[in-house]
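Following: one structure in structure tokens, then a few remarks.
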Amino acid sequence: MKKGVIVLLILLVCSCQYKPEEKNTNTTDVSIENTNRTDSETYINPLDIDYTYMVYNSTNNISYRSGADPAVIEFKREYYMFVTRSFGYWHSTDLVNWKFITPQQWFFEGSNAPTAFNYKDSLVYFAGNPAGYGSILYSDDLKNGKWKPTASISTDIQDSELFIDDDGKSYLYWGSSNIYPIKVKTLNKNDRFLETGVKKELINLEEEKHGWERFGENNFHPTLKEGYMEGASMTKHDGKYYLQYAAPGTQFNVYADGAYVSDSPLGPFTYMKNNPMSFKPGGFANGAGHGVTVKQTNGQYWHFATMALASNSQWERRLCMFPTYFDDDGLMYTNTAYGDYPRFAPSHPTKAGQHNGWMLLSYKGDVTVSSSLKQVEKFTSNDDQVKITELPLEKNANGQILAKVLTDENPKTFWVAKANNGEQSIQIEMQQLGNIHAIQLNFHDYESGIYTRTEGLKHQFTIDVSEDGSTWNTVVDKSKSNKDTPNAYIVLDKPVKAKFVRYNNIKVPGANFAMSEFRIFGMGLGEKPKPVSGFNINREKDRRNVSFTWNAVEGAQGYNIRWGIAKDKLYQSWQIYDKNEHFMRCLDRDTPYYFAIEAFNENGISEISEIFYEE
């Protein structure tokens, strides 16, 4: 945890009429007020906060929300989170429920890649001026948004990290490049953070050794080979200095954080053998890079990081939070397995941040919708590299419009309704009856027409459930909600047995009602999969690459490959749906690894396979 005064460095398809069966009027309210939890026993990634609409790309009329490059600090036993271009910051008492604060003084364009530091609970220092230079700000009244500038102009304060050691010596780490290294310089905290003359180059990417640092989706790009190194962050633990950095690019599923370790904040730094320390390339929500590690008041570490959405823009992103640990060998790592499934909240006494056991019930469920303006798959890997596939309109035998994109576990596919009003609805028939515990609604921005932080936005809707598709019970009533929840996570007070779930729209922000994924979590009523057999591993001549095959398991939704540098250090994982083969380019060339695999479905997770060693 960064202790003391918080130094906040300001760095910065088709349209068609729906012909549904008439809605059953036998709808019962089952204590709605008590079935939507307001406590914080669980959370999910992407985090459920009111992400800001971006001014970036607004000149091109591209409207989207984003949350990226988090700088999170503990200050006087509460927490503050600063996020790129958000025009303010968030406050929380529990690391789960966040309330936005509009500061009295801030940057007109919003801060960019910010950094913040709590110095001995007296002041918070902040930097993130989008110009890349400016004054370091300070405050002891964050809740009221009162900030003052130091009487000097600092440079290199975008994509930087301000770190003040226990002895009061101050350091600024910075860098964002596919060529230049991360650097450090010393500052005098007691003299307006003026530079003292010490400046050093510290670390750079070595893609020829570290496969996960290679540029591109799945660490592959047809022309560009050099990844970007950025997002420096410093954590001091047990006398060691962990210099974290992000690679290879914020828009990719393999965006990750690695770390180098030293006995001194000035180095020399040694590459950590279990890198990357924060990595989530598979599943629904991908990426876990450009983050920061914060220490909870109870001593538990958490890594907040950036997830790639990259549909409307390469800069379209979300935030995630994973528990972070230091093992007996001093290796720093995070637990990202099943990282976009419900997880125990930081308040849990023994399992904080771990997957809580609720499984995905909605995968490949049959989805019918009230109308469809279009259904699209869109990936923006660069502003001039946009891949758009408009999907054909499909109907079932009853003439109802299908929307398979809402249960495909792909955040880059989405459905757009013909209107944003109370006539729109979505109905899912899950493949099996199950006990529903929670629901996550991932709304999508399709030509929303909003280009900056806008107050008063609200998502209003109700959700009904049914066992037979005829008799419905209302379990969620947000019809009068004043909350803006673009990645709404709703936990029911009691599990509800159902096979059908229906979302009834009232009004959501923006010109259009669109959604990328309607996710339902709980426990199925059947058997979990049997263990995986026939697990074959082929590490290629290019040792950074490895391919896998295995025997398909009956009844499995997918598989989770785990690997690491020792049998008891399987810290990495890659979650895969449907397929029984996989190829990845993220290994370190000179490191031997251990691999294992498990299967999962709506009923649970199989026993893990035998652990295999590959030189």
Side-chain angles (χ1 to χ4, degrees), residues 20 23-50 96-97 340-342 345 356 358-363 365 367-370 403 406-407 415 417 420-430 433-444 457-509 513-523 602:
K23 277 190 183 179
N24 192 293
T25 56
N26 185 12
T27 300
T28 306
D29 179 340
V30 289
S31 301
I32 303 166
E33 210 170 300
N34 296 325
T35 56
N36 302 175
R37 284 189 178 176
T38 56
D39 60 2
S40 305
E41 294 182 4
T42 65
Y43 76 99
I44 198 169
N45 294 310
L47 297 181
D48 179 12
I49 67 169
D50 51 336
V96 173
N97 297 290
D340 50 45
Y341 283 23
N356 75 340
W358 296 345
M359 304 304 294
L360 183 64
L361 303 179
S362 51
Y363 182 58
V367 186
T368 55
V369 292
S370 53
L406 294 177
T407 56
W415 157 80
N420 183 1
N421 59 26
E423 300 300 315
Q424 309 305 315
S425 63
I426 304 167
Q427 181 174 308
I428 298 178
E429 180 182 358
M430 301 187 303
L433 190 71
N435 290 319
I436 299 173
H437 286 260
I439 294 170
Q440 185 192 39
L441 302 172
N442 296 278
F443 295 92
H444 187 86
L457 301 180
K458 55 189 77 169
H459 288 79
Q460 297 180 331
F461 54 87
T462 63
I463 297 177
D464 308 325
V465 300
S466 173
E467 288 192 42
D468 58 10
S470 297
T471 301
W472 295 85
N473 297 322
T474 301
V475 294
V476 176
D477 188 346
K478 301 291 185 183
S479 58
K480 295 181 173 60
S481 174
N482 291 316
K483 294 188 68 176
D484 184 20
T485 54
N487 296 87
Y489 176 58
I490 306 157
V491 180
L492 307 183
D493 187 51
K494 296 179 181 179
V496 178
K497 183 184 292 186
K499 192 171 189 287
F500 299 83
V501 181
R502 184 173 64 202
Y503 168 98
N504 308 296
N505 191 61
I506 297 174
K507 180 72 174 177
V508 298
F513 167 38
M515 189 177 291
S516 65
E517 203 75 14
F518 189 160
R519 308 177 80 210
I520 302 165
F521 293 96
M523 293 304 301
E602 67 274 15

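Only this structure's heavy atoms are used, side chains among them; waters, hydrogens and symmetry mates stay out. Computed from a predicted structure; not experimentally measured. For the single chain, residues carry numbers from 1 onward in sequence order.
In this structure, Ser466 contributes its side chain and Thr471 its backbone to a donor-acceptor pair below 3.5 Å. No donor-acceptor distance shorter than 3.5 angstrom exists from the side chain of Gln460 to the backbone of Lys507, with no hydrogens or angles considered. Looking at Asp48, its side chain does come within 3.5 Å of a backbone N or O of Tyr489 through a donor-acceptor pair.
The CG atom of Asp464 sits 10.0 Å away from the OG atom of Ser425 when rounded to the nearest 0.5 Å. Of the inter-residue distances, the one linking Met515 atom CE with Phe443 atom CZ reads 4.0 Å to the nearest 0.5 angstrom. Considering CD of Glu429 and CG of Leu433, their distance stands at 11.0 Å, rounded to 0.5 Å. Rounded to the nearest 0.5 angstrom, Glu602 CD and Ile520 CD1 are separated by 12.0 Å. Taken to the nearest 0.5 Å, the CG atom of Asn435 stands 8.5 Å off from the CG atom of Leu361.
Here the closest heavy-atom approach between residue Pro509 and residue Leu457 is recorded as CG-CB, 3.8 Å. Minimum heavy-atom separation, Pro46 to Gln440: CD-NE2, 3.7 Å. Closest non-hydrogen pair, Ala438 versus Trp358, comes out as CB-CZ3, 3.8 Å. Thr407 approaches Gly365 most closely through the heavy-atom pair OG1-O, 3.0 Å. A pairwise comparison of heavy atoms in His437 and Met523 identifies CD2-N, 4.2 Å as the closest pair. Across Tyr43 and Ala345, no two heavy atoms sit closer than the pair CD2-CA, 3.9 Å.
A heavy-atom distance below 4.5 Å is found between the side chains of Leu492 and Val476. Counting heavy atoms from C-beta on, the side chains of Asn420 and Val508 come closer than 4.5 Å. Taking 4.5 Å as the limit, some side-chain heavy atom of Arg519 sits within range of a side-chain heavy atom of Leu360. Within the 4.5 Å cutoff, no side-chain heavy atoms of Val491 are placed close to those of Ile439. Residues Ser481 and Lys458 have side chains not in contact (no heavy-atom distance under 4.5 Å, counting atoms from C-beta outward). Within the 4.5 Å cutoff, the side chain of Val501 has heavy atoms near those of the Ile436 side chain. Residues Glu517 and Ser362 have side chains not in contact (no heavy-atom distance under 4.5 Å, counting atoms from C-beta outward). A heavy-atom distance below 4.5 Å is not found between the side chains of Leu406 and Ile428.
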- ring pair (Phe, Tyr, Trp, His ring centres under 6.0 Å) between Tyr341 and Phe521, worked out: CA-CA 8 Å; Tyr341 283 23; Phe521 293 96; 5.4 Å; yes

- Task: Before giving the answer on side chain to side chain donor-acceptor pair (under 3.5 Å), spell out for Thr462 and Asn504 the whole-Å C-alpha distance, their side-chain angles and the decisive distance to 0.1 Å.
- Result: CA-CA 5 Å; Thr462 63; Asn504 308 296; 3.0 Å; yes

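When the side-chain hydrogen bond (donor to acceptor under 3.5 Å, both in side chains) test is applied to Asp484, the partners found at least two apart in sequence or on another chain are Arg65, His459. For Asn421, the side-chain hydrogen bond (donor to acceptor under 3.5 Å, both in side chains) partners are Gln424, not counting sequence neighbours.
Between Trp472 and Phe500, the two ring planes are perpendicular [angle over 60°; tilted spans 30° to 60°].
Salt bridge annotation for Lys497-Glu467: absent, with no cationic side-chain nitrogen under 4.0 angstrom from a carboxylate oxygen.
Remark: the Asn487 side chain and the Asn442 side chain contain an N/O donor-acceptor pair separated by less than 3.5 Å.
The aromatic ring centres of Tyr503 and Phe513 sit less than 6.0 Å apart.
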